[in-house]
Amino acid sequence: MKSSLSRTPRSNNERAILSLIRQQQSMPKAQIAKALALSAQAATVNINKLEEDKLLLRDAPVKGRVGQPSVPFRLNPDGAFSFGLKIGRRRFDLILVDLQSTQRASVSVEVNEASVDELKSFLETYIPKLISQLELELRSHVCGLGVAMPFDIWQWQAASDSATNTLSQWQNFDLKGYLESQFQLPVYISNDNNAACCAELSLGNPNNYSDFLYVYLGAFLGGAVVINYQLLEGKSGNAGAIGSMLNADREQLLSQCSLLSLQSEFDKQQLGISVYELTDSQFTEHKPLVQPWLEKAAEAISIAMHNSLSLLDMQAVIIDSPLPSKALEQLKQLSIAAFARLDSRGLRSCEVSLGVCGEKAQSIGSAQLALSHHYF
């Protein structure tokens with residue numbers, strides 16, 4: 001499966017036009033030229049090229065104003081596709097999105113512990129299946145595969161109650177080489193929480209914060225940092241690793257803030273419930289079991305908020321998780337209350353809000369990696 005789009009990315013002007021239209025949903029040529037400080041001729045040449053390559057579509061002319069009707073342009077959803085893969089501690093998620101970042105297909109599987117062989121079996125089964133759901137002429141429009149995963153995945157054993165040698169397989173496994181060879185697609189790998197934050201930047205952030213701490217409570221607690229609308233990755237792509245912060249007992253915060261620990265509580269009670277598929281009604285039914293875990297998680301998040309705010313003086317903290325909406329809202333309120341109990345002299349308060357992508361944040365974010373490399 002060789003992608004016809006795995007070639008040189010679009011020009012800077014073309015990428016700027018595509019990014020602006022993605023942000024605004026649709027715009028006429030004159031407004032695009034003005035917003036990007038392009039001459040009318042430059043805007044016309046670039047827009048015509050994007051339209052010729054079937055990356056842009058014309059909407060119906062807007063009439064009722066003086067002069068010629070304006071013609072808005074929007075992204076052609078069929079112009080390009082990208083795979084996003086999330087490699088989790090006990091779960092693999094694969095998603096196929098179009099140029100508008102709309103999900104076209106997805107599949108998830110839970111595993112006892114992520115292994116290289118299970119990942120290969122999963123991908124070699126489902127990537128061809130998801131591609132087959134596209135019309136034949138669109139299958140060559142898949143431009144790449146983005147991967148969201150914790151760096152140094154083999155170190156998860158230290159945080160696992162049932163440590164095995166399974167995760168050690170990853171230490172010498174050339175994931176990028178395997179994926180590119182097996183599926184003939186460009187591959188882009190990112191820290192899982194950075195990828196989730198990219199999803200929030202692209203599809204969420206309704207309050208338009210320019211600077212914020214992104215907190216993602218998944219298998220373990222993690223995060224990312226945004227400064228001036230840009231993801232701050234750090235020298236090794238691991239900035240925002242708030243789960244590694246220490247609490248008062250000199251333990252890492254991820255040890256007290258983990259969906260895995262909640263899953264263990266469910267398993268002990270033999271509830272047969274996956275934390276990744278927990279519903280609002282199940283949360284309400286089992287609230288006496290979930291509540292103590294939420295309070296402990298909120299304490300950890302409040303410490304991460306406090307430490308980050310003292311260093312970055314950011315506008316906001318955005319909290320996201322696969323948890324259902326009622327549980328996530330309560331986690332937010334408990335985190336605010338826990339933060340209020342800390343000694344915050346010398347700090348300026350910030351807003352706290354919820355992310356929009358939830359369980360799919362990491363896979364959606366990883367799918368953005370290939371699209372961003374080529375088009376935005």
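Just so it is clear, the model here is predicted, and its values are computed rather than measured.
Summarising the local packing, CD of Glu137 is surrounded by more than 12 heavy atoms from other residues, nucleotides or ligands at distances under 6.0 Å.
The backbone N or O of Leu347 sits nowhere less than 3.5 Å from a side-chain atom of Ser344 that would complete a donor-acceptor pair. A donor-acceptor pair is defined here as one N or O able to donate and one able to accept, closer than 3.5 Å; such a pair exists between the side chain of Ser310 and the backbone of Asn307. Arg58 contributes no side-chain N or O that, together with a main-chain N or O of Pro72, makes up a donor-acceptor pair within less than 3.5 Å. Under the 3.5 Å distance criterion, the side-chain polar atoms of Asn48 are matched with a main-chain donor or acceptor of Thr44. Checking side-chain atoms of Ser181 against main-chain N and O of Tyr178 turns up no donor-acceptor pair under 3.5 Å. One N or O on the side chain of Ser302 and one on the backbone of Glu299 form a donor-acceptor pair closer than 3.5 Å. In this structure, the side chain of Glu14 engages the main chain of Ser11 through a donor-acceptor pair within 3.5 Å. Between the side chain of Gln315 and the main chain of Phe212, no donor-acceptor pair closer than 3.5 Å is present. Remark: the backbone N or O of Ala219 is paired with a side-chain donor or acceptor of Ser258 at under 3.5 angstrom.
Using a 4.5 Å cut-off between side-chain heavy atoms of Ile, Leu, Val, Met, Phe, Trp and Tyr, with links allowed through other members, Ile17 and Leu57 fall into different hydrophobic clusters.
Side chains of Asp267 and Gln263: a donor-acceptor N/O pair is present below 3.5 angstrom, by distance only. A donor-acceptor pair shorter than 3.5 Å cannot be found between the side chains of Gln368 and Ser82. In this structure, a donor-acceptor pair under 3.5 Å is absent between the side chains of Gln24 and Gln31. Checking Asp93 against Ser108 by side-chain atom types alone, a donor-acceptor pair falls below 3.5 Å. Remark: the Ser255 side chain and the Gln252 side chain contain no N/O donor-acceptor pair separated by less than 3.5 Å. For the residue pair Glu295 and Gln291, a side-chain donor N or O sits within less than 3.5 Å of a side-chain acceptor on the partner. When only modelled atom types and interatomic distance are considered, Asn208 and Tyr229 share a side-chain donor-acceptor pair under 3.5 Å. Neither side chain, Asn207 nor Glu351, offers a donor N or O lying under 3.5 Å from an acceptor on the other.
Between Asp78 and Arg104 there is a salt bridge, with a side-chain nitrogen of the basic residue lying less than 4.0 Å from a carboxylate oxygen of the acidic one. In this structure, Glu329 does not pair ionically with Lys326, as no charged nitrogen and carboxylate oxygen lie closer than 4.0 Å. No salt bridge links Glu359 with Lys86; every basic N to acidic carboxylate O contact stays at or beyond 4.0 Å.
The two residues Ala224 and Leu231 have their closest heavy-atom pair at CB-CD1, 3.9 Å. Shortest non-hydrogen contact noted between Ala239 and Asn194 is O-OD1, 3.9 Å. Closest non-hydrogen pair, Tyr276 versus Arg91, comes out as CB-NH1, 3.7 Å. When all heavy atoms of Pro292 and Lys287 are compared, the closest pair comes out as CD-O, 4.4 Å.
Residues Arg90 and Leu260 are in side-chain contact: their nearest non-hydrogen atoms beyond the backbone lie under 4.5 Å apart. You'll find the side chain of Val215 stays beyond 4.5 Å of the side chain of Ile318, heavy atoms only.
Checked against side chain to side chain contact (heavy atoms under 4.5 Å, CB included), Leu75 has the following partners two or more places apart in sequence or in another chain: Leu18, Ile21, Arg22, Leu56, Leu99, Gln100, Phe376.
Under a 4.5 Å side-chain heavy-atom criterion applied to ILVMFWY residues, the cluster that includes Leu246 comprises that residue alone. Membership of the apolar cluster around Tyr188 extends to Leu369, as traced through chained side-chain contacts below 4.5 Å between ILVMFWY residues.
Between Phe92 and Phe122, the ring planes are tilted. Angles from 30° to 60° get that label.
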